[in-house]
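Predicted model only: the values in this text are computed from it and were never measured. Chain letters run A, B, ... following the sequence lines, proteins first and then strands; every chain starts at 1.
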Amino acid sequence: MNYWLFKSEPGCFSFTDLKARPDMTEPWDGVRNYQARNFLRDEIKPGDLVLFYHSNIPEPVVVGIAEVVREGYPDVTALDPNGQHFDPKASRDNPVWYMVDVRYCQPLPRPVTLEQIKGNPLLAAMPLVKRSRLSIQPIAPGEWRIILIMGGVEQP
DNA sequence: GCCAACGTTGGC
DNA sequence: GCCAACGTTGGC
């Protein structure tokens, strides 16, 4: 079982939106970066846990936890010429892009800001801190535990 | 809104 | 295959 951090712009799709899903699952589509694609296609598995991060806002912040419920499968939004995420390189035979399904788990009692993460020397190795723009990032078990403790989760 | 970082594209 | 131009991300 592995840990991940998924970035989302809350104006586009927020943790509250995930919570509001009637069936409690959501396809994590629209990722168009090869490194992130490789994680989605090859490494992220059902049961893996995800830090839900809100980016591109005045105070970027980890707001909650989600769980992966379906492993990587073709992101068909790349095939829709009228869609936001259309990619002419993608086809049914060669999907190029992949997505997973996630389910709402729980919010952090105290959301952990990027500022707090940057202020913790134990978290200095996180891609987030190194200013990577990577939208899907692996999280080490130790980092996971620290962030959950910072977030006020009783039994991380 | 600015701009640095960085990923992608395309001419050669 | 190099690398300049360009586009996007995302913190500030």
Side chains of residues 109-124 of chain A: which donor-acceptor partners sit under 3.5 Å, not counting sequence neighbours?
unit_1, atom_1, unit_2, atom_2, d
Thr113(A), OG1, Gln116(A), N, 3.0
Thr113(A), OG1, Gln116(A), OE1, 3.4
Gln116(A), OE1, Thr113(A), N, 3.0
Asn120(A), OD1, Leu122(A), N, 2.9

For this session: Could you name each residue pair satisfying side chain to side chain donor-acceptor pair (under 3.5 Å) that touches residues 60-74 of chain A, not counting sequence neighbours?
Result: Lys45(A)-Glu71(A), Glu67(A)-Arg103(A), Tyr73(A)-Asp101(A)

Every protein N/O within reach of nucleotides 7-11 of chain B N/O, cut-off under 3.5 Å:
unit_1, atom_1, unit_2, atom_2, d
dG7(B), O4', Arg133(A), NH2, 3.3

Problem set entry | With sequence neighbours excluded, residues passing side-chain hydrogen bond (donor to acceptor under 3.5 Å, both in side chains) with Glu9(A) | Asn56(A)

Problem set entry | Which residues share a salt bridge (charged side-chain N to carboxylate O under 4.0 Å, His left out) with Glu26(A), sequence neighbours left out | Arg21(A)

Exercise. Who are the side-chain hydrogen bond (donor to acceptor under 3.5 Å, both in side chains) partners of Lys89(A), not counting sequence neighbours?
Worked result: Asp87(A)

